[in-house]
Amino acid sequence: MIKLQNYIGGRLCEPAAGGYLDDIDPATGIVFAMIPDSNGVDVAAAVEAAKSAFPGWSLTSPEVRHDAMMRIASLIERDLEQLAKAESLDNGKPVSLAKAVDIPRAVANFKFYATAAMHFASESHQTAGQAINYTLRQPLGVVGCISPWNLPLYLFTWKIAPALAAGNCVVAKPSEITPYTAFLLSELCIEAGLPPGVLNIVHGTGPQAGAAIVDHPDVKAISFTGGTKTGEWIASQAAPKFKKLSLELGGKNPNIIFADCDYESMLDTTVRSSFSNQGQICLCGSRIYVERPLYDRFKGDFVERTKALRVGDPSEPDTNIGAVVSQAHMEKVLSYVDLAKQEGGTVLVGGSRIRLEGRCRDGYFIEPAVIEGLAHDCRTNQEEIFGPVVTIAPFDTENEVLEYANSVRYGLSATVWTENLSRAHRVAERLDAGIVWVNCWLLRDLRTPFGGVKDSGMGREGGFEALRFFTEEKNVCIKVDH
Ligand code: NDP
């Protein structure tokens, strides 16, 4: 049995209270590792370690931070294969997906922010004839990074890298459901010679370890990605303490397909944008609206393509759909298929648990589902399911589809398929979404601001936005005598 440990003050250590939680492989239902069940004592130790490291780390030159982060990036690259397997074991996703997307993105996150640290600059403003002002950007101190289970190492490093690059020391918590790659990262940080205390990783549950990070008076900022409900709670705790907050929350993203689209490209991408990572990507399109003249053709082809997806053992190279992350999550997703039926929907394909043969017979596998016949304002079309379940519906006009698309409380991302440039711009402008993809999906330039509108969150990650989030900005105003 693998025993994970916390990473505090540069050392791997047991949780203070000695308790452990189970880490379950969703593809088999078998416990493969023990996770420290950390509490406020562990978090306090991590914060102390981070505070001790801060004076040194915050004064290092950007070059020194760059070199340390690039060493970590190259160690992740070296261990890509092992990390991809670990991520799959934790999360149930196909190893091939973790190898192609998750782990390379973790490398890119460290490389991007290692170099961004070298280019981060501040502004100066001259008050004519009177003064020069310049903006001084200083690291905040100790910051907290809390991430979810769907893209474990990808999102964990997306927070940690800018925080470190800006000169902060970090106390981070991965999801208790998928902590394995975060533990392997702590081993790589030791190997890379990251100074003790600069990054601390505390494992454990959200309500215990996560809440202790949010609550700690010396944690100056929280960067959180996860569900909207958890985000709401964190905001309520952090606001009275005036902590800086970045919240990347849930989504219910529309995929709008006009009849003039490049059909084959749209179909290929729509299969991916619906079911990649078992539909457990916050950016997956889960409500597909198709212009009426194309609807029947799309419905037939999309259902066929969905049927052809191979649900299987995540370790096999030809598996398209692995296991969903946990038994509880599987039950939640299946309950939404039942709800869709109660709400009058017709399940065109999928929507049931699949029992595989062999080592995965007890795993949490769901056949990807396509559902039609639902009103845009029913619960199935309003609530985040976060699994391999999409709804399809026709529309007649631009105004009508915009009303459907914008009718949810969320506003994370949207996809638009059309060859009409003016329409693309017009619709993108009117969609309530932090990112709109036109004729593509999940293309990310790390320099661009990323984040949701409405209940999908506040603050922006990506590019220099994240470095600015992790710094305090002061204006220095110098009087100039002429
Ligand atoms: P949760 O909100 O349940 O958990 C996210 C993280 O917060 C986990 O590490 C969790 O710990 C921790 N946590 C839970 N409760 C607390 C608490 N009271 N105080 C502090 N930390 C806490 O989300 P999920 O892990 O279920 O992730 C899925 C959600 O994430 C979906 O809604 C999805 O849309 C969203 N998401 C958003 C993205 C975006 O960029 N906007 C990207 C990816 C996902 P633990 O799991 O150990 O309990």
Side-chain angles (χ1 to χ4, degrees), residues 4 21-24 35-40 43 90-91 93 101-102 105 144-160 171-182 201-216 219 222-238 243 245-253 276-286 324-326 328-329 332-333 383-387 408-413 433-435 442 444 449-462 466:
L4 309 189
L21 306 159
D22 290 342
D23 194 357
I24 298 170
I35 314 159
D37 185 10
S38 311
N39 59 25
V43 169
D90 241 1
N91 173 281
K93 69 179 67 192
V101 177
D102 295 68
R105 175 59 190 270
C145 297
I146 302 177
S147 61
W149 49 258
N150 63 326
L151 302 166
L153 194 61
Y154 173 138
L155 289 174
F156 197 55
T157 53
W158 181 232
K159 300 185 167 305
I160 289 170
V171 177
K173 192 194 90 64
S175 170
E176 137 227 346
I177 303 167
T178 54
Y180 192 16
T181 45
I201 299 177
V202 180
H203 296 275
T205 66
Q208 194 163 280
I213 295 173
V214 173
D215 205 40
H216 199 294
V219 173
I222 301 287
S223 174
F224 170 82
T225 299
T228 294
K229 209 164 167 218
T230 316
E232 205 178 299
W233 183 85
I234 289 177
S236 75
Q237 301 304 302
K243 295 187 184 212
L245 257 192
S246 169
L247 300 173
E248 298 295 341
L249 310 175
K252 185 77 179 174
N253 311 309
S276 281
N277 202 33
Q278 297 70 247
Q280 300 166 139
I281 300 180
C282 51
L283 303 165
C284 276
S286 54
V324 297
V325 78
S326 66
H329 192 59
K332 177 192 149 187
V333 173
E383 297 176 13
E384 186 182 41
I385 301 174
F386 215 53
V408 296
R409 63 189 290 220
Y410 300 106
L412 192 52
S413 71
I435 180 166
L442 211 60
R444 284 279 296 121
F450 175 84
V453 301
K454 291 165 52 176
D455 290 1
S456 288
M458 54 180 256
R460 288 293 175 267
E461 297 187 335

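Just follow the structure's listing: the first ligand is 1, and inside any ligand the first atom is 1. For this chain, numbers begin at 1 and follow the sequence in order.
By the criterion of a heavy-atom distance under 4.0 Å, neither the backbone nor the side chain of L283 is placed next to ligand 1. Of all the heavy atoms of I213, none lies under 4.0 Å from any atom of ligand 1, so neither backbone nor side chain is involved.
Applying the 4.0 Å criterion to heavy atoms of F450 picks out, from ligand 1, the atoms 40 (O). For ligand 1, the atoms lying closer than 4.0 Å to a non-hydrogen atom of E176 are 45 (P), 46 (O), 47 (O), 48 (O). Atoms of ligand 1 lying under 4.0 Å from any heavy atom of L412, numbered from 1 in the order shown and given with element: 41 (N). Residue-ligand proximity, N150 to ligand 1, at heavy-atom distances under 4.0 Å covers atoms 43 (C), 44 (C). Near T205, with a cut-off below 4.0 Å to any heavy atom, the atoms of ligand 1 are 47 (O). Taking every heavy atom of L155 and a limit of under 4.0 angstrom, the matching atoms of ligand 1 come to 42 (C), 43 (C).
Summary of contacts: the protein heavy atom closest to atom 15 (N) of ligand 1 is T230 CG2, 3.3 Å. Scanning the protein for heavy atoms near atom 37 (C) of ligand 1, the closest one is L249 O, 3.1 Å. Ranking protein heavy atoms by distance to atom 27 (O) of ligand 1, first place goes to P148 CB, 3.3 Å. Here the protein heavy atom with the shortest distance to atom 25 (O) of ligand 1 is W149 CD1, 2.9 Å. When only non-hydrogen protein atoms are considered, atom 23 (O) of ligand 1 lies nearest to G227 N, 3.3 Å. The nearest protein atom to atom 34 (O) of ligand 1, hydrogens excluded, is given as E384 OE2, 2.5 Å; this is a heavy-atom distance. Of the protein's non-hydrogen atoms, the one nearest atom 5 (C) of ligand 1 is T225 O, 3.6 Å. Nearest non-hydrogen protein atom to atom 38 (C) of ligand 1 is C282 SG, 3.0 Å.
If you check each of Q280, K252, K173 against atom 11 (O) of ligand 1, the one with the closest non-hydrogen atom is K173. In the candidate list S147, G206, G226, G210, S147 is nearest to atom 8 (C) of ligand 1, counting heavy atoms. Heavy-atom proximity to atom 7 (O) of ligand 1, evaluated over F224, F156, F386, W233, is greatest for F224.
Considering every non-hydrogen atom in both W158 and E461, the closest pair reads NE1-OE1, 2.7 Å. Residues I160 and A172 approach most closely at CD1-CB, 4.0 Å, considering heavy atoms. Closest non-hydrogen pair, H329 versus V324, comes out as CD2-CB, 4.3 Å. Heavy atoms only, all atoms of each residue included: G451 and E248 are closest at CA-OE1, 3.2 Å. Residues D215 and K243 approach most closely at C-NZ, 3.9 Å, considering heavy atoms.
Checked by atom type and distance alone, the side chain of N39 never pairs as donor or acceptor with a backbone atom of Q208 at under 3.5 Å. The closest donor-acceptor contact from the side chain of S246 to the backbone of S223 lies at 3.5 Å or more, if one exists at all. With E384 contributing its side chain and G251 its backbone, the two residues share a donor-acceptor pair below 3.5 Å. One N or O on the side chain of K252 and one on the backbone of E383 form a donor-acceptor pair closer than 3.5 Å. Between the side chain of D23 and the backbone N or O of I35, no donor-acceptor pair lies under 3.5 Å. Between the N253 side chain and the C284 main chain, a donor and an acceptor come within less than 3.5 Å of each other.
At least one heavy atom of G204 sits less than 4.0 Å from an atom of ligand 1. At least one heavy atom of P174 sits less than 4.0 Å from an atom of ligand 1. Residue contacts with ligand 1: A211 is included, with a non-hydrogen atom under 4.0 Å away.
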Cut-off 3.5 Å, no hydrogens considered: what does the side-chain donor-acceptor table look like for residues 144-153, sequence neighbours left out?
residue: N150; atom: ND2; partner: Q280; partner atom: O; Å: 3.1

Could you go through residues 228-238 and list every donor-acceptor pair under 3.5 Å that involves a side-chain atom there, pairing it with any protein atom two or more places apart or in another chain?
residue: T228; atom: OG1; partner: G250; partner atom: N; Å: 3.2
residue: T228; atom: OG1; partner: D455; partner atom: O; Å: 3.0
residue: S236; atom: OG; partner: W233; partner atom: O; Å: 2.6

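A distance of 4.0 Å separates CZ of F156 from CD1 of I201, quoted to the nearest 0.5 Å.
For atom 45 (P) of ligand 1, a protein heavy-atom neighbour is found at a distance under 4.0 Å.
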